[in-house]
Amino acid sequence: MSTCTEPILRATILSMSKYPFHEIELKWQQYWEENNTFKVTEDSSVPKEKRTYVLDMFPYPSGAGLHVGHPEGYTATDIYCRYLRMKGHRVLHPMGFDSFGLPAETYAIKTGTHPEITTKQNIEKFRQQIRRLGFSYDWDREISTHEATYYKWTQWIFLQLYKKGLAYLAEIPVWYCEALGTVLANEEVIQSSEGPRSEIGGHPVVRKPLRQWMLKITEYAERLLNDLEDLDWPESIKAMQRNWIGKSVGANVRFSLADHEGSLEVYTTRPDTLFGATYMVLSPEHPLVDAISTPEHRAEVQKYQQQAALKSDLERTDLAKDKTGAFTGAYAVNPMNGKKIPIWISDYILISYGTGAIMAVPAHDERDFAFALKFGLDIIRVVASEKGGTVSLPMEEATTEEGFAINSGDFSGLSTQDCKEKIITWLEQQGLGRRAINYKLRDWIFSRQRYWGEPIPLVLTDEGAIYPIPEDQLPLALPMVESYKPAGTGESPLATVTDWVNTTLPDGSGIPGKRETNTMPQWAGSCWYYLRYLDPTNDKEFAGRDKIDYWMPVDLYVGGAEHAVLHLLYARFWHKVLYDIGAVNTVEPFHRLVNQGMITSYAYQRSDGTLVPTDEVEEVSQGSWKETKTGLPVSQVIAKMSKSLKNVINPDDIIQEFGADSMRLYEMFMGPLRQSKPWNTNGLIGIHRFLDRIWRLAEKPIVDDQAPVELKKSLHKTIKKVGEDTNSLDFNTAISQMMIFVNDSYKFEHRFKGTWAPFILCFAPYAPHLAEELWQREGNKSTLAYEPFPDFDPALTIDDEVEIVLQVNGKLRAKIMAARDLGATELEALARANDRIQEYLESSQVLKVVAVPGRLVNFVVKPRG
RNA sequence: GCCGAAGUGGUGAAAUAGGUAGACACAGAGGACUUAAAAUCCUCCGGCCCUUAUACGGCUGUACGGGUUCAAGUCCCGUCUUCGGCACCA
């Protein structure tokens, strides 16, 4: 259904709705707030396994307000927390705001409004929206990363990193974004068809050497990789992190130069192919290039270097993988066979990986193969697929598979694995090389040339000496500024605040110094916020150790998959550093991670593949649509919500028209939590109807009589399934089961005391407002939030009589009712007695009978005669 | 190209120690109530065929092609498609 009909739809729903959801929801939200219903404290009598920390990824408070994606994860954790409380758990469930960030600053540049003001307003709006959904957060623990009481400790942690030598200054080529006026981390730059772009805003970025603070995350690469093993995380996220860390094992090998002093070191993962190295390639930035280039080739080499530097921002990572390069005129010596091999430079070799130089084995590496082909370099095969195999030339393409060494002197015949080991050992004995490990992971560029971030608490002298600000002088507050515009020189707007920048050294010597003007990236605040929730007002420590020991690690962390390698890797890194200095009790912060799927929306596509905004389409008949303007048919597709497609759903509108309980339930009923799924307002109506049916059910008179056994059974099956499914976060099927119970209840004129109260408690985690209201109407005086979740009687969840399927050759021929536990022999007898089955058996010979009690009987037959 | 996830009615989806495919819901059809409409309640609802129509029944069906099994959405082999991530990392 296209949205053009939605106003009518909504009017319809409003007129049909009997239950006063607004009144009820506001009433109970106020009750929870006034009674501090969800405030949680540490009680040492609660056993460790009943203390549960359930965490949501906190939002960046943008001006746009809450998106439908936010309530999805938040509802899931809220249902889970409410369920756990009813199961006797002590639950820590906090919320806060990731409130430093670019959009507030961009807005400040445009309007002159201080980011603090807009941030405050946005937080207020977000808080209202989140409260209106009835989530059971302990709001006393709310934190915002931009507040000095919070970033004091972000700065403190930075100083710990600095003290451990994990923070350092470097003048390195970094991604610089003119439009954003700042440097970006590798992870914040995406490759588009037009070249590299900033992830935020899609602005062009260029590589530029600038002075930056770096964090040595690479020092933790191995642990970040290994410790993934024990985490209960989605395999896909673990894979993405492994891939990002990009560990490879190989060897560094030294090649001596033919006509020069010194040598050239390369990194290779295939030392077994050393005999096939027919040339070498250096990165254009490699320090040896100038020294070894011969006079005849120098001009060409320099020209290539300049080209590479110029195009580095665009074409160097271009999709067109046509190889380019220049010959230096110099030669190296292959240590295995003493052959002289030419040294080239090419931009397909990155200065930042390995040693910035490679030995090229064109026969067994695709890139080297393409390069050799283009420049007519030798290709020697040194790996055959079979032992003792021979190979033919020319090759069509490089063979990268493992096999057995050939043309490799004494090493010929060895398997790839074996050969690697033997060659490395040999190199080590000769002093020509050693085992080596490399990671794709780079150190984290930790500074931003922005205003709206945590100031880095350091003072520098003119000579470049660095003085950390003493911990007892933190926080180093962000000063007020006149202009939020970056200085334009690659420096932050803070550089223009001279009376802040110019200070004296913190050692009390009175010697003048300058403050660091870079600020921290947005990721800094979110690296440790889960720890601050534990003890949000502590001004002596970032969090009391007793609180950390009480709650950590986070038992369940729910959020979007878009943070797979950024936030989640950085937070793990900081946590490990804190662990190493003895500040936290676990090596990993988040034990279990669940990614909610994205909520998408419908869009419409023309035959040429272009998309049409939803409001320019109408439905012709079921399942077919046309573009209103042209009358041409369009097809329905699933797309991300976007303003341009006019298919963005605003949670405020949904709550206004259907209520928070409907919104919560619908987002859970749409499909499995982890799966992405399209929003369909029609589906919401079904949920709203369900809640309305509960409301009207409550109007039926209630009696003390025993409920009929079939209703009791329905209830106990419901309690069982809702409990199990809530526990495993399968909310959609839990809701289905509750619908079945309500449908069953409608078969009776009355409600029954024995089934009604347990049912209210059963759905309370899902639609808490409605449940509280109905609970109160039954005469209860206080919240049901801590009432025990009802128990089920296993005997009542099993049907004594079940349908048994009768099959002949695996095909369904009849169904009979039989006792669930009836034995195979008796079942077979019953089946043989069945008329329909007799018809089939009369003309056939029974070869085999499979009888499964409680399930089926299958006769395997063949025609007689 | 590599890694990961997934393909089930008109739609969102259920069901995997292998055992009735489509629970629940939306949309649709029919009926009850109503002066009428909405709302509500009840019934039907994968496709094809048989049948005047029904009932009964038959065939077929979980992306496609094979296989294992008394029995496959579920297990195995191969192929295709979609989505997400990475992409000259030697």
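In what follows, every chain begins at residue 1, and chains take the letters A, B, ... in the order their sequences are listed. Values below: every heavy atom of this structure, side chains too, minus hydrogens, waters and symmetry copies. No experiment lies behind these values; they were computed from the predicted model shown.
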Expected rows: protein N/O vs nucleotides 11-13 of chain B N/O, under 3.5 Å:
unit_1 : atom_1 : unit_2 : atom_2 : d
B:U11  : O2'    : A:Y602 : OH     : 3.4
B:G12  : O2'    : A:M670 : O      : 2.5
B:A13  : OP1    : A:Q675 : NE2    : 3.0

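- Note on A:Y19: every side-chain N or O is 4.0 Å or more away from OP1 and OP2 of B:A39.
- Residues A:V266 and A:M280 meet the side-chain proximity criterion, which asks for heavy atoms closer than 4.5 Å.
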Distances under 3.5 Å between nitrogen or oxygen atoms of protein and nucleotides 15-20 of chain B:
unit_1 : atom_1 : unit_2 : atom_2 : d
B:U20  : O2     : A:K815 : NZ     : 3.0
B:U20  : N3     : A:E803 : OE1    : 2.8
B:U20  : O4     : A:E803 : OE1    : 3.2

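- Base pairing of B:G28: its partner is B:C44, meeting the Watson-Crick or G-U wobble criterion (both donor-acceptor distances under 3.5 Å).
- Classified by interplanar angle (parallel below 30°, tilted 30° to 60°, perpendicular above 60°), the ring pair A:W444/A:Y570 is parallel.
- In this structure, A:F731 reaches neither bases nor backbone, as no heavy-atom distance under 4.0 Å exists between it and the strands shown.
- Regarding contacts with the backbone of B:C3, every side-chain N or O of A:K238 stays at 4.0 angstrom or more from both OP1 and OP2.
- Of the candidate nucleotides B:A90, B:C86, B:C59, B:C86 has the atom nearest to the side chain of A:W244.
- The residues A:R855 and A:E803 are annotated as not salt-bridged, no charged nitrogen and carboxylate oxygen being separated by less than 4.0 angstrom.
- Relative orientation of the A:Y279 and A:F371 rings is parallel, given thresholds of 30° and 60° on the angle between their planes.
- Each of B:A23, B:C70, B:A25 was ranked by its minimum atom distance to the side chain of A:M739; first place goes to B:A25.
- In the model, A:D443 has a side-chain atom that pairs as donor or acceptor with a side-chain atom of A:T218 under 3.5 Å.
- Comparing the same atom, P, in B:A90 and in B:G84 gives a spacing of 26 Å after rounding to whole Å.
- Of the candidate nucleotides B:C86, B:A23, B:A90, B:C86 has the atom lying nearest to any side-chain atom of A:N243.
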Atom pairs under 3.5 Å: protein N/O with N/O of nucleotides 41-47 of chain B:
unit_1 : atom_1 : unit_2 : atom_2 : d
B:C41  : OP1    : A:R693 : NH1    : 2.3

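- By the 30° and 60° cut-offs, the orientation of the rings of A:H563 relative to A:H567 is perpendicular.
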